[in-house]
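Letters go in sequence order (proteins before strands), and every chain restarts at 1. These values consider heavy atoms only, across backbone and side chains, with no hydrogens, waters or symmetry-generated copies.
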Amino acid sequence: MAPRPARAALLVAGLLLALLAAGCGQGPSGAGPITLVFKHAKILGPADPVPGLLRRFEAEHPGVRVQSEALTWSSDEQHQFYVINLEGGSPPFDVMMLDVIWVPEFARAGWILDLTAQVPPAERDAHFASAIEPATQDGRLWALPWFMNVGLLYYRKDLLAKYGLAPPETYDELARQVRLIQAGERDPRLDGYLWQGKQYEGGMVNVLEALWANGTRVIDERGRPFPEPERAREALAALRGLIESGVSPPWVTAADEELTRRPFGDGRAIFLRGWPYALDLFELPDSRVRQRVGVAPMPRLAHGPVGAASTGGAHLAVSARTRHPALAVELVRFLTSDVAQRAMTEGAALRPSRPALYHDAQLIARDPTLPALLPLILRGHPRPITPYYLMLSTTLQPEFSAVLVGRKSPARAVQDGIAQVRHLEQALGR
Amino acid sequence: MRGGRLRDALVLAALALYAAPFFWQALTSVRPDAELLPLASLLPGRLTAVHYEVVLAKSLMPRALLNSLGVALISTALAVGLGALAGYALVRLPVPGRGPILLAMIAATAFPQIATVSPLYLLMRTLGLRDTWLALILANASFALPLVIWLLGGFIREIPRALEEAAATDGADRIATLYWVILPLVAPGAASAALLAFLFSWNEFLFAYSFTATEASRTVPVALALFPGVFEVPWGDIAAASLLASLPPVLIVVGFQRYLVRGLLAGALRE
Amino acid sequence: MASPRCDTSSRRSAADVADRRLGWLLLAPALLLLGGLTVYPAIWVIWLSLQYRVPVFGIARWAGAAHYAFLTVDSRFWNAAGVTALFTVASVALESILGLAMALALRGQQRGRRVAVALLLLAWALPSVVTAKMFEWLYHPSGGLVNFLLGGRAVNWLGDPALALPSLVLADVWRTTPFVALLCYARLLTIPAELYEAAEVDGAAGVQAFARITWPLVRPILLVALLFRTLDALRAFDIMFVLTGGGPAGSTETLTVYAYRALFQTLQIGFGSAIGVVVFVLVMLVAWAYLRLINRQEAAA
């Protein structure tokens, strides 16, 4: 039996060692072939084209391995992951998939590489302007578009046809059509208009679209919040009115994309605001609304245009701390190339960010909705392009959410929103 | 004060009902997905282990359990070790200003974590300690320390000075007395303090959430809070993960109840 | 001035000095840890609250009292303060009543005391995240036990702004009542049976016995429990963050959740620190008020 002080000393030593070991974070990976780490979210849809594309890149670049790593599903969590890792200094990835709204932020923070020199203007112009513009900051290009999204008004072709209706151009008309169809169908489980009203980025998108539909915006070029407060108030009141009048069920205030897509896909709603990926899911063989779904531009309010939908989508950027910048940029250019976007459109429920592909006969044969989507994408526009967009969004989301659940009047929300954004801008030194 | 068997049984039944949410979660963890939404009957038609399989094989919980266990054990050891020494010093040794020191320690227990999380976040960031066990160990130990010192100080104070004086006349110096006489006597009290410190560390969420970014470094509460669900929330899997997360607390409550209660009461009753 | 007395006193002071040094040595590690991770951050957060700090964009400059000035007119802050106050008062009130009732019921327990305490402490010992997930499932509109027991009505407990806060309070009360109950129970056990027997002889029983014997003896410990519980409720974060995230529409957003969102969602370290400092001051004030109350009670007793 060892003397007790010696055992105690051993314990202390062991504790110190444990503490030291605990202080070590992740060590660098070993040497070997050049490995690029590609961080991206799981691709929805029937088939995942990404592995095939990566193998193709590896074949064209011997000695290079591309390791694919998945991100979490939630956009907020993805952002937090990126911020914490990029801020920490040595992020364990080279190429990353970013939501377009994060690109100016990451560019301003110095976390992603300037791609302007490596991407010729012709290649840049081959993408939608509304996809390139948000990826440009201070005249430099920071990311390339990977796939495109736009807000769509889905509607039940069969139901509208049954009552001799064309897709509504105004919210008032949408409400009228909902009441007409609901009265005719007498189905208590048939909801009217489903959209995303939950307090998250998706909810912000829905509110932004309503603001644009009324000819106003949340922030102007000089950064002033709610430049036309009366129109903003009207837009918010219109959204709240959809719920109060029963055109939309009350649970939309807690609904995200999937919570609204499913009931519509089960045939339990007349209208849905959604992204293009849902279209493929509605046309699956076992879908209950197969062949009965149409897409239309988002309706307008009194002062705005039809089709004021938000564009979105994912972009690819290169980490500023990558050890293989040239290769990483090549990977980005490859994945956003004509060839790769073709493969993605064919394999997954994703739409290309290259307008030319929407006229491509081969692709149209696979996805006949492409020609209909093109004008809708062209009419859409991006969310405010500022490095502080996410801060703006998370600051305003609670105000909007309060209006949607009826806890605050639209006028009050606009007022409080202005105060909050001004305070934010004060902190940012603007 | 009379009551009899019936009364006792009724009280036990009422308490079992009180703990029903936990039992319901346990039931949920073995209920097949098809019977979860919507809920059709109280008892499931059949039992399934698939949720536990998913959680143990495909989720981050096993790694999180390891992280939590490591952090909790080490921070408890640290807190009790340092706390015993500090408690002895404050109670038995003529340290100047021990009154104010003790008062400051008590005040420190009231510091809200939300206030200290922002500077600590910056500190951990600067020191490069994000995603490490060390950051959480230090944070948890520092939060448990005042309570441990309070508890152990109280227990040490109860030891008659005569014992120490006897050891001194036998030729033992302070340290030897501390090691050979005091510590063995406060061992049960130290056990209580250790259990409380362990529970606190196991359950800690805010710092663990703020100081960790990667999936591999998450502790159990964080992994549970961020349990992934692609389309729908996997309630059965979450229930299984919750049960696993509850293992140490349940074991402590069932197996070490006496020590736990003693610690709780000593902490509160001793003013 | 006789030599023997000088010798003993110098010998004693030498031992004293050695003891003092040892004391500092033994105290130092703990003080270092506490100082570095509790006291130092407490001071630093005040400093941070006086700055515009957005690390992501490298913004770090003096703000003075700008954040605090904004908070005085910030409706979201006042909403959070109201929610915090409501949550605290409701939780603590319910816990005290329920806890005392449980303690009274447990007092007469002869058999199965260990099982009883185990069942009771289970709720207290579980991680708050586990409790939050548990109640989130219980409150689920279609899969939750609560709606099932209510006959299948699809009440949206956590999604309705009017119902979310009460639902949250219930979850927190479930989690923390055992602490109050245990404290009261332990105190009740120390009240000698003779007191009640004597009261019965005097003709006082039941409620009167409670008012004259039980209540005065249990009140001090209840106050101590309330102190702990009030401070905990003011600082509570885990359960509301995981259960509702502060929603819907801020109806469960306490000061702590607001501070967290400002810190880690909008990355405004300066502003978030200011809210944290407000919580800090609030907690300290309440603690001080409670301690005065307790001291006054003790002086009167």
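A tilted orientation is assigned to the rings of Tyr259(B) and Phe256(B), their planes being inclined by 30° to 60°. Below 30°, between 30° and 60°, or above 60°: for Phe228(C) and Phe179(C) the angle between ring planes is above 60°, a perpendicular geometry. Between Tyr209(B) and Tyr260(C), the two ring planes are parallel [angle under 30°; tilted spans 30° to 60°]. Below 30°, between 30° and 60°, or above 60°: for Tyr121(B) and Phe264(C) the angle between ring planes is above 60°, a perpendicular geometry.
The part of Ile101(B) that comes within reach of chain C is its side chain, from C-beta onward, which places non-hydrogen atoms under 4.5 angstrom from that chain. For Leu231(C), the part lying under 4.5 angstrom from a heavy atom of chain B is the side chain only. Using a 4.5 Å cut-off between heavy atoms, Ile43(C) makes no contact with chain B at all. At a 4.5 Å heavy-atom cutoff, the contact between Leu196(B) and chain C is made by side-chain atoms alone. For Ala42(C), the parts lying under 4.5 angstrom from a heavy atom of chain B are both the backbone and the side chain. Contacts of Leu93(B) with chain C are made by side-chain atoms alone, with heavy-atom separations under 4.5 Å and no backbone atom involved. Contact annotation for Val45(C): both backbone and side-chain heavy atoms come within less than 4.5 Å of a heavy atom of chain B. Looking at Leu10(B), there are no atoms closer than 4.5 Å to chain C (heavy atoms on both sides), in backbone or side chain. Interface residue Leu145(C): backbone and side-chain heavy atoms are both found under 4.5 Å from chain B. Within the 4.5 angstrom heavy-atom criterion, no atom of Arg21(C) approaches chain B. Of the atoms belonging to Pro96(B), heavy atoms from both backbone and side chain fall under 4.5 Å from chain C. Both the backbone and the side chain of Leu33(C) come within less than 4.5 Å of a heavy atom in chain B. With a 4.5 Å cut-off on non-hydrogen atoms, Leu31(C) touches chain B through its side chain but not through its backbone. Contact annotation for Phe200(B): neither backbone nor side-chain heavy atoms come within less than 4.5 Å of a heavy atom of chain C. Contact of Phe280(C) with chain B is made through backbone and side chain together, with heavy-atom distances under 4.5 Å. Heavy-atom distances place the side chain of Ile149(B), and not its backbone, under 4.5 Å from chain C. Of the atoms belonging to Ala40(B), it is backbone heavy atoms, and not side-chain ones, that fall under 4.5 Å from chain C. In this structure, the portion of Leu199(B) lying under 4.5 Å from any heavy atom of chain C is its side chain and not its backbone. Heavy-atom distances place the side chain of Ile238(B), and not its backbone, under 4.5 Å from chain C.
The OH atom of Tyr88(B) lies 8.0 Å from the CG atom of Leu26(C); values are rounded to the nearest 0.5 Å. Note that CG of Leu138(B) is 5.5 Å distant from CG of Leu37(C), once rounded to the nearest 0.5 Å.
Residues Gln268(C) and Arg53(C) fail the side-chain proximity criterion, which asks for heavy atoms closer than 4.5 Å. With contacts defined as side-chain heavy-atom distances shorter than 4.5 Å, the pair Leu27(C)/Leu85(B) does not qualify. In this structure, Leu42(B) and Trp24(B) have side chains that are in contact, with non-hydrogen atoms separated by less than 4.5 Å. At least one side-chain heavy atom of Pro55(C) sits under 4.5 Å from a side-chain heavy atom of Arg125(B). Residues Phe143(B) and Gln113(B) are in side-chain contact: their nearest non-hydrogen atoms beyond the backbone lie under 4.5 Å apart. The side-chain heavy atoms of Leu206(B) and Ser210(B), taken from C-beta on, include a pair separated by under 4.5 Å. Looking only at side-chain heavy atoms (C-beta outward), Tyr18(B) and Leu119(C) stay at 4.5 Å or farther from each other. Residues Arg107(C) and Thr214(C) meet the side-chain proximity criterion, which asks for heavy atoms closer than 4.5 Å.
Judged by distance alone, the side chain of His51(B) and the main-chain N or O of Arg31(B) form a donor-acceptor pair under 3.5 Å. Listed for the Asp8(B) side chain is a donor-acceptor partner under 3.5 Å among the backbone atoms of Arg111(C). Side-chain atoms of Ser68(B) do not come within 3.5 Å of backbone N or O of Leu65(B) as any donor-acceptor pair. A donor-acceptor pair under 3.5 Å links the side-chain atoms of Arg261(C) to the main chain of Gly245(C), judged by distance alone.
The residue among Val115(C), Leu48(C), Val242(C) with the most heavy atom pairs within less than 4.5 Å of chain B is Leu48(C). Highest contact tally toward chain C, considering only Ser142(B), Pro249(B), Ala86(B), is held by Ser142(B) [criterion: heavy-atom pairs under 4.5 Å]. Ranked by heavy-atom pairs under 4.5 Å with chain C, the first of Glu204(B), Gln257(B), Met105(B), Arg92(B) is Gln257(B). The most heavy-atom pairs under 4.5 Å with chain C, out of Ala89(B), Ala110(B), Ser246(B), Ala108(B), come from Ala110(B). Comparing Ala20(B), Ala79(B), Ser41(B), Pro248(B) by heavy-atom pairs within less than 4.5 Å of chain C, the highest count is held by Ser41(B). Here Asp238(C) is the residue among Asp238(C), Leu121(C), Asp232(C), Ile275(C) with the most heavy-atom pairs under 4.5 Å with chain B. Comparing Trp24(C), Trp174(C), Phe241(C) by how many heavy-atom pairs each has under 4.5 Å with chain B, the most go to Trp174(C). Interface summary for chain B: among Gly276(C), Pro29(C), Ser128(C), Pro127(C), the most heavy-atom pairs under 4.5 angstrom belong to Pro127(C). When Leu12(B), Thr116(B), Leu90(B) are compared by the number of non-hydrogen pairs under 4.5 Å with chain C, Leu12(B) comes out ahead. With chain B as partner, the option from Val279(C), Ile269(C), Thr131(C) having the largest number of non-hydrogen pairs under 4.5 angstrom is Val279(C). Contact count against chain B (heavy-atom pairs under 4.5 Å) is highest for Leu182(C) among Leu255(C), Leu182(C), Val277(C).
Within residues 137-144 of chain C, the residues having any heavy atom closer than 4.5 Å to a heavy atom of chain B are Trp137(C), Leu138(C), His140(C), Ser142(C), Gly143(C), Gly144(C), listed by residue number.
Defined by atom type and a distance below 3.5 Å, a donor-acceptor pair is present between the side-chain atoms of Arg187(C) and Thr190(C).
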I would like to know whether Leu122(B) and Trp44(C) meet side-chain contact (heavy atoms from CB on, under 4.5 Å); could you show each step before the answer? CA-CA 10 Å; Leu122(B) 290 177; Trp44(C) 193 0; 4.1 Å; yes

side-chain contact (heavy atoms from CB on, under 4.5 Å) between Arg98(B) and Leu102(B): does it pass, once the steps are laid out? CA-CA 6 Å; Arg98(B) 57 183 176 170; Leu102(B) 205 57; 6.0 Å; no

